[in-house]
Amino acid sequence: MIRSLLIGCGAYLPERILSNAELASKVDTSDEWITKRTGIRQRHVAADGELTSHLALHAAREAIAAAGIDTQEIDLIVLATTTPDDTFPSTATKVQAGLGLGHGAAFDVQAVCAGFIYALAVADNFIRAGQAKTALVIGAETFTRLLDWEDRSTCVLFGDGAGAVVLQAHEGNGSAADYGVLSTHLHSDGRERDILYVDGGPSSTGTTGHVRMAGQEVYKHAVSKLAAVIDEALAANGLSVDDVDWLVPHQANRRIIDGMAKRMDMSSDKVIVSIDRHANTSAASVPLALCEAVRDGRIKSGDLVLVEAIGGGLAWGAGLVRIGLPD
Ligand code: UT7
């Protein structure tokens, strides 16, 4: 059975840091409210002229270097974003050009905060089908460009950043002990569109629009839907929570992350948390957290990692990945 090995990852955050205190000087909020309700202490914000493709390219280059491959080996780029540089062409093709590549396929996927899980699933399925051998999977956002800075219920929650991983085809034996992506599980429910959306778009208003969210509604869906998809991922592989070395959750709210860990009866030191420093970076949230933990040596080759995310759509999903290369 062909498996997609995860052989390298990279992350990038814009230089500028916006603290809760600085935000509180511009909008009616406080460091105390934001920290207590979300766990966020600061977020990174892209500079004027710094685009999603620029963040993505930094992360991609680091992932390629970590994988130790020749860039020319890449024959697929799947980039998850809600904030493409332009309406078209895809941001993935801009990254492709930035890497000096003129072969293979490059395209974007749009599943908002679940975007990286969707992109991972798409690339994994291309590799399993034999249609690609070496894929770059990226989650990249300049999400702060979608914020209404007068809406305190949303503008305090999000940040900018990018994360990337390299997947490579490898012959596995089909068991849950295999390295690479063991499985991915995707869901969406378009009936819940109105609880998290952007009030603009090229076809509807001709404007980019701003994020609108019924926070408590999304919160309830997040808790129940993430729990269900985690159970689904473990059951599909005949695994239990004890087999999982690390949970790398979507970083939307510290209370959701802690609730998920508690429900799984998972010790908090097995959960990767970056929301305090990154806030919610939408499609970049999971790969940013994952790559930070790989960089600092917490996540090692051979570790089994459970990733999950939910966002607008609603769209949500989970995946199980054994990191690195088999001996
Ligand atoms: O990534 C996509 C997935 N997104 C999520 O998973 C987000 C899920 N939702 C959440 O994380 C939480 O619902 C929020 C963090 C968005 C909000 O927290 P909450 O505990 O649900 O607060 P709330 O919306 O119920 O608001 C409580 C109070 C309200 O005031 P009143 O009506 O009680 O007087 C709000 O007006 O807090 C007020 N409030 C604020 N106060 C200070 C809302 N935003 C702020 C703010 N600063 N920034």
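For the numbers below, each heavy atom of this structure counts, side chains included, while hydrogens, waters and symmetry mates do not. Sequential numbering from 1 along the given sequence is applied to the chain's residues. Since the model is a prediction, treat every value here as computed from it, not as a measurement. All ligand and atom numbering here is 1-based and tracks the order in the structure.
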Side chains of E292 and S274: any donor to acceptor distance under 3.5 Å? no
Would you tell me whether E141 and T83 have side-chain atoms, one donor and one acceptor, within less than 3.5 Å of each other? yes
protein heavy-atom neighbour closest to atom 40 (C) of ligand 1 works out as W33 CE2, 3.3 Å
N280 heavy atoms, cut-off 4.0 Å: which ligand 1 atoms fall inside? 1 (O), 2 (C)
Just need the protein heavy atom nearest to atom 18 (O) of ligand 1, so name the residue and atom and give the distance. R255 NH2, 3.5 Å
Ligand-residue contact atoms, ligand 1 with V156, heavy atoms, under 4.0 Å: 48 (N)
Atom 29 (C) of ligand 1: closest protein heavy atom, distance to 0.1 Å, is R152 NH2, 4.8 Å
Any protein heavy atom nearer than 4.0 Å to atom 32 (O) of ligand 1: no
Within a 6.0 Å radius of atom CZ on R41, are there more than 12 heavy atoms belonging to other residues, nucleotides or ligands? no
With R152 as reference, evaluate L157, V27, I34 under the side chain to side chain contact (heavy atoms under 4.5 Å, CB included) test and give the passing residue. V27
Heavy-atom contacts with I310 under 4.0 Å: which atoms of ligand 1 show up? List them by number with element. 1 (O), 2 (C), 3 (C)
Could you check whether atom NZ of K270 has more than 12 heavy atoms from other residues, nucleotides or ligands sitting under 6.0 Å from it? yes
Short side-chain donor-acceptor distance under 3.5 Å, T144 and D160: yes
If you take the nearest heavy atom of each of Q216, K220, R254, which one is closest to atom 25 (O) of ligand 1? Q216
Closer than 4.0 Å and a protein heavy atom, does any atom meet both conditions relative to atom 2 (C) of ligand 1? yes
State whether a side-chain donor-acceptor pair under 3.5 Å links Q168 with T134. yes
Heteroatom proximity flag, T38 to ligand 1, N/O under 3.5 Å: no
So do L23 and R43 actually touch side chain to side chain, heavy atoms under 4.5 Å? yes
Atom 4 (N) of ligand 1 - nearest protein heavy atom and its distance: V218 CG1, 3.6 Å
Give yes or no for whether the N/O distance cutoff of 3.5 Å, strictly under, is met between G215 and ligand 1. yes
Answer yes or no for atom 44 (N) of ligand 1: protein heavy atom present at a distance under 4.0 Å? yes
Regarding T184 and D124, is there a side-chain donor-to-acceptor distance under 3.5 Å anywhere? no
Would you indicate which of E32, R37, H250 comes nearest to atom 20 (O) of ligand 1 when only heavy atoms are counted? R37
Flag T29 as yes when one of its N or O atoms lies below 3.5 Å from any N or O atom of ligand 1, and as no otherwise. yes
Taking atom 37 (O) of ligand 1 as the reference point, report whether a protein heavy atom occurs under 4.0 Å from it. yes
Among N253, N20, D28, I256, which one has a heavy atom closest to atom 10 (C) of ligand 1? N253
Using only atom types and a distance under 3.5 Å, with no angle test, would you say the side chain of H54 pairs donor to acceptor with the backbone of L51? yes
Are T142 and T52 close enough that a side-chain donor and a side-chain acceptor fall under 3.5 Å? yes
Quick check on contacts: which atoms of ligand 1 are under 4.0 angstrom from a heavy atom of C113? 1 (O), 2 (C)
Would you say R255 has more than 12 foreign heavy atoms packed within less than 6.0 Å of its CZ? yes
Mode of Y219 contact toward ligand 1 - side chain, backbone, both, neither (heavy atoms, under 4.0 Å): both
Take every heavy atom of L196, measure it against each atom of ligand 1, and state whether any distance is under 4.0 Å. yes
